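Bear in mind the structure is a predicted one, so any value in this text is a computation, not a measurement.
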Amino acid sequence: MAVNRVSEAELLVQIGRCMFGERVVVEREGKRFSARVQHVGATGVKVIPETTLTEHDGQPGDIQGVMVSFADIKEVEVEGDTYRLE
């Protein structure tokens with residue numbers, strides 16, 4: 001697994017390649033958290049924080065994700081490679 005330092009433009013390209021379940025690191029309101037992609041949309045990404053996943057004991061598919069803007073994403077893993085904002 002390679003770690004690549006990329007520009008905002010390249011990070012956005014990699015976010016667009018994301019599939020359901022891939023990992024992202026989000027920074028919001030001064031806090032960072034790891035999350036899994038639920039859906040990549042035109043204006044942002046719907047994610048499920050990993051802490052929510054580990055504490056969840058209900059049925060698959062009944063977790064509602066949260067929308068984050070593309071600018072909030074600082075790192076993404078796509079097909080085993082990590083892309084980190086410079």
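Residues passing the side chain to side chain donor-acceptor pair (under 3.5 Å) test with Glu79, sequence neighbours excluded: Arg17. In this view, Arg23 and Ser34, Glu75, Glu77 satisfy the side chain to side chain donor-acceptor pair (under 3.5 Å) rule, not counting sequence neighbours. In this structure, Glu29 has no side-chain contact (heavy atoms from CB on, under 4.5 Å) partners at least two apart in sequence or on a different chain. Scored by the salt bridge (Lys or Arg N to Asp or Glu O under 4.0 Å) test, Glu10 finds no partners at all (sequence neighbours excluded). Under the side-chain contact (heavy atoms from CB on, under 4.5 Å) criterion, Leu85 pairs with Glu8, Leu11, Lys74, not counting sequence neighbours. With sequence neighbours left out, Thr51 forms a side chain to side chain donor-acceptor pair (under 3.5 Å) with no residue at all. Applying the side-chain contact (heavy atoms from CB on, under 4.5 Å) criterion to Asn4, with sequence neighbours excluded, gives Ala2, Val6, Asp81, Tyr83.
Of all heavy-atom pairs between Phe33 and Arg28, the closest is CE2-CD, 4.3 Å. Minimum interatomic distance between Phe70 and Val40 (heavy atoms only, all atoms of both residues): CE2-CG1, 4.3 Å. In terms of heavy-atom proximity, Ala35 sits nearest to Pro49 at CB-CA, 3.8 Å.
Counting heavy atoms from C-beta on, the side chains of Ser69 and Thr43 never come closer than 4.5 Å. The closest side-chain heavy-atom distance from Val45 to Val24 is not below 4.5 Å.
A single hydrophobic cluster is not seen to contain both Val13 and Ile73; linkage of ILVMFWY side chains at heavy-atom distances under 4.5 Å, directly or through other members, places them apart. Hydrophobic clustering keeps Ile48 apart from Val66 (ILVMFWY residues linked when any side-chain heavy atoms are closer than 4.5 Å, directly or through intermediates). When hydrophobic clusters are built by joining Ile, Leu, Val, Met, Phe, Trp and Tyr residues whose side-chain heavy atoms come closer than 4.5 Å, directly or via intermediates, Leu12 is grouped together with Val76.
Rounding to the nearest 0.5 Å gives a distance of 6.0 Å between CZ of Phe20 and CD of Gln38.
Grouping Ile, Leu, Val, Met, Phe, Trp and Tyr residues whose side-chain heavy atoms lie under 4.5 Å apart, directly or via other members, leaves Met67 alone, with no other cluster members.
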